[in-house]
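Just so it is clear, the values below take in all heavy atoms, side chains as well, and ignore hydrogens, waters and symmetry mates. Residues: numbered from 1 along the sequence shown.
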Amino acid sequence: MNVLFLCTGNSCRSILGEATFNHLAPSGWHAMSAGSKPTGYVHPRSLALLACEGISTDGYHSKSWENLPTMPDIVITVCGSAAGETCPAYLGPVVRTHWGVEDPAHVTGTDEEIDAAFVKAYSILRARIEAFLALPLTTLKNDKTALKAEMDKIATTII
């Protein structure tokens with residue numbers, strides 16, 4: 001099963017989701033990420049945080065949803081609601097859910113405050129990914145309605 005983490009810039013949240021999912025996922029599950037308006041780079045703080053967590057950063061880059069290597073089965077949008085951010089809507093025969101996370105790239109302040117925003121985004125995504133991977137995926141991948149309901153529940157219960 002292929003999971004797409006999707007946001008606007010594909011420099012922070014979707015990259016954190018993709019790398020964390022791939023680090024934790026069982027065999028047969030794979031994540032990718034993309035943006036509707038990719039920035040063209042991965043935020044250095046995202047890479048530093050992943051490396052600190054022991055998660056490989058090899059090969060991650062900002063890319064467009066128009067150039068996906070394979071079709072996703074599941075699309076998880078991770079755009080937040082701050083500053084009226086518009087989240088892209090992926091069209092296609094996929095299971096969709098929204099796991100909103102505020103964009104740490106837009107946080108200003110001290111280095112500690114900015115680092116804390118990245119850690120918060122990562123922690124939220126990791127907790128949601130762990131909850132997702134704890135589901136009975138073998139059963140749910142054949143029941144798209146139940147899978148979507150569980151994924152939507154994760155979005156509202158793991159903040």
**Q** To the nearest 0.5 Å, what is the distance between CZ (Arg13) and OG1 (Thr77)?
**A**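 Going from CZ on Arg13 over to OG1 on Thr77, the span is 10.0 Å.
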**Q** Give a yes or no on whether the backbone of Ala127 and the side-chain of Glu130 come within a donor-acceptor separation of less than 3.5 Å.
**A** no
**Q** Is there a ring pair (Phe, Tyr, Trp, His ring centres under 6.0 Å) between Phe21 and His30 once you walk through the steps?
**A** CA-CA 7 Å; Phe21 189 95; His30 180 263; 8.4 Å; no
**Q** Look up atom OH in Tyr122 and atom OG1 in Thr20, then write down how far apart they are to the nearest 0.5 Å.
**A**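 The OH atom of Tyr122 sits 4.5 Å away from the OG1 atom of Thr20.
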**Q** Measure the spacing between CE of Met1 and CG of Leu140 and express it to the nearest 0.5 Å.
**A**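 Reported to 0.5 Å precision, the distance equals 9.5 Å.
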**Q** Verify side chain to side chain contact (heavy atoms under 4.5 Å, CB included) between Leu147 and Thr145, making sure each step is shown before the conclusion.
**A** CA-CA 5 Å; Leu147 177 59; Thr145 302; over 6 Å; no
**Q** May I ask you to decide if Val42's main-chain N or O and Ser46's side chain share a donor-acceptor pair within less than 3.5 Å?
**A** no
**Q** Quick one: pull up CD in Glu150 and CG in Leu137 and give me the separation to the nearest 0.5 Å.
**A**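 Separation between the atoms: 10.0 Å.
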**Q** Is there a donor-acceptor pair closer than 3.5 Å between any side-chain N or O of Asp73 and the backbone N or O of Asn2?
**A** yes
**Q** ring-ring contact (aromatic ring centres under 6.0 Å, His included) with Trp29: which residues, sequence neighbours excluded?
**A** Phe132
**Q** To the nearest 0.5 Å, what is the distance between CG on Leu47 and CG on Leu16?
**A** 9.0 Å
**Q** Would you give the length of the straight line joining atom NZ of Lys120 to atom CG of Asp115, rounded to the nearest 0.5 angstrom?
**A** 15.0 Å
**Q** Run the ring-centre check on Tyr41 versus His61 and record whether the distance is less than 6.0 Å.
**A**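 No, too far apart.
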**Q** Should Asp111 and Arg45 count as an ion pair when the cut-off is N to O under 4.0 Å?
**A**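 Arg45 and Asp111: salt-bridged.
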